[in-house]
Amino acid sequence: MEAPDLRVYNTLTKEKEPFRTVDPGKVRMYVCGPTVYKPSHLGHMVGPVIFDTVKRYLTYLGYQVTFVINITDIDDKLIAEAPRQKITVTELAERVTKDYVENLRMLNVTGVDHMPRATHHIPEIRTMIEGLIAKGFAYAASGDVYFDVTKDDDYGKLCHRDPAQLEAGSRIEVSDKKRNPGDFALWKAAKPGEPAWDSPWGQGRPGWHIECSAMSVKLLGQTLDIHGGGLDLQFPHHENELAQSESYHGTTFVRYWMHNGLMKTGAEKMSKSKGNEIVVSELLKRYDPETLRFFLLATHYRRPIDYSEDRLDEVRRGLEGFYRFFERFERITKARFYDLQAPSARSSFEPGQPATEFLVEIVRLWEQFLEHMDDDFNTGGAIGVLYELLTALNRFADSRQLESAAADPADIRALQRGALVLKELSQILGIFHQPPATRETVSNELVSGLVQLILEVRNDARKNRNFALADLIRKRLGELGVSLEDRKEDTIWRLGGTC
RNA sequence: GGCCCCUUCGCCAAGCGGUAAGGCAGCGGAUUGCAAAUCCGCCAUCCCCGGUUCGAAUCCGGGAGGGGCCUCCA
């Protein structure tokens, strides 16, 4: 199968291109993960959430996707950080990796198939370096091995700069071991006490970029369909990966280079070295993971995202409308929205016969959503459609009075079909798969019973037009975090206020 | 200094040559005992100046402002 309408922006060509994979029906996707020396901040979640969504959409279209995120667990940063925490480099890497994996799990990033570690692939890395030396692209220099950028005639094609530009005004560390200032390390000699592996060039460790080249070919093959990562990795990391891999294999390394925009705090990029990072595990104590995922997907992936708590609160308020609809849906159909089984592959949704105005509208929105996704994974536009879908569903429930006892069963079935579409599309974005923790219903029977009791008292008061008492009860319940909605036949209540 | 990118309603945001999605906030209405929730309606001509075009937020040139990379970074 192929997806005739999907177009993907490629950093290499700076254009949106029709999506065609190496093997029809299969997608090999590699995304650069973190160097594990500090707990993840929000910026680290952008790529995983985006590419998890990319995988979900491609899978929805019928592709079989293999998704790899690597872990760089050996690097100067780890070597510097471990002693500060009085632990080994290995312990540090494990601790931080665990934090990262847990954050991904929370954000419902479920599509990762492999998470290879650099230190588990030293032999593969060594082999590749030896090959690069043999082919004349790299050279050993007193324990180090460098890639010679002058031997790669298209070096700079990914970041769209020629090597001369890269050198001009550069602050590249001067090293008399390098033949050219732009040469980068494939292998670094170990200083005493540093973690080290044997190699033909002596004890040492891999350079920063080589592990991605070695691990991606091992797990996915010589040519990747998609290689993703943050925009800040475009140079030097991806440029160097590209140079190594193509020089070594002599084949195209990547068909589509996808770079996500960076998270900003105020005016500046969020980064570990700037110390302005928002640690994910901390943020998750105050916000539902779904709020974070929705926040990340609300902006197109290639644009920068400004972090602020006001913004998260706003996203949360937007989400509330969906949550309230899910409760309404349950009241009407006696079925939980979260239990709906929507098609996980692209369905062919038809309004059916007779085609009601409502279902025709649903089909229209369903198509619009997919058009947005086809346009370089435009999740922001797609979310806009989700809101329109929400309004359409509520409008239908209102106009057909679906909450009254006299509701037409055919109308209820139509609502269920509409909700099923919302479910189908939500799955593509990886949202609404379970109720957010903060909205979980009260499991304590005593509390529910007491609230029910007080509501009966209050409704009695209302019948007797004792509104002062009724309003007092509502006010006091509100202060306890219980908000009320008086409806025709009954009063419903929920935790979490009216936000 | 060099190379990229961005600038759309109070805030967030889609838009990729055909006459400005959506959300939040706000205002008005329906509904309600009053609220809440929901629905309906109102709410921008797209940083500035030129140009191309029958037609531009969308293309080209110049200017202003912001950001990224050139050094570890998702």
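Proteins get letters first, then strands, A, B, ... in listed order; numbering begins at 1 in each.
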task = May I ask you to evaluate whether A/Arg487 reaches the phosphate of B/U32, defined as a side-chain N or O under 4.0 Å from OP1 or OP2?
result = no
The side chain of [X] is closest to which nucleotide in this list: [options]?
X        : options             : answer
A/Thr391 : B/C39, B/C12, B/A74 : B/C39
A/His44  : B/A74, B/U38, B/A21 : B/A74
A/Phe467 : B/U38, B/G33, B/G22 : B/G33
A/Val46  : B/C70, B/A74, B/A35 : B/A74
A/Arg328 : B/A35, B/C5, B/U38  : B/U38

Got a donor-acceptor pair under 3.5 Å from the side chain of [X] to the base of [N]?
X        : N     : value
A/Asp471 : B/G33 : yes
A/Arg474 : B/A35 : yes
A/Gln234 : B/G68 : no
A/Arg161 : B/C69 : yes
A/Arg395 : B/C40 : no
A/Asp310 : B/C12 : no

query = Under 5.5 Å between ring centres and under 30° between planes: true for A/Tyr387 and the base of B/G23?
reply =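 Stacking between A/Tyr387 and B/G23: absent.
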Euclidean distance for [atom1], [N] against [M] (whole angstrom):
N     : M     : atom1 : value
B/A13 : B/G22 : C1'   : 8 Å
B/C5  : B/G41 : P     : 40 Å
B/C6  : B/C16 : P     : 14 Å
B/A14 : B/A57 : C1'   : 12 Å
B/A21 : B/G26 : P     : 23 Å
B/A56 : B/C49 : P     : 15 Å
B/C3  : B/C46 : C1'   : 28 Å
B/U19 : B/C24 : C1'   : 27 Å

query = Which atoms form the tightest heavy-atom contact between A/Pro436 and A/Tyr338, and what is the distance?
reply =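 So the two residues come closest at CD-OH, 3.7 Å.
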query = Is the charged tip of A/Lys423 near the ring of A/Phe337: under 6.0 Å from the six-membered ring centre and within 45° of its axis?
reply =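 That pair qualifies as a cation-pi contact.
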ask   = Under 3.5 Å, is there a donor-acceptor pair between the side chain of A/Thr379 and the main chain of A/Leu297?
value = yes
request  = Give a yes or no on this: more than 12 heavy atoms of other residues, nucleotides or ligands lie within 6.0 Å of atom CD of A/Glu357.
outcome  = no
query = Do the two ring centres, one from A/Phe326 and one from A/Phe432, sit under 6.0 Å apart?
reply = yes
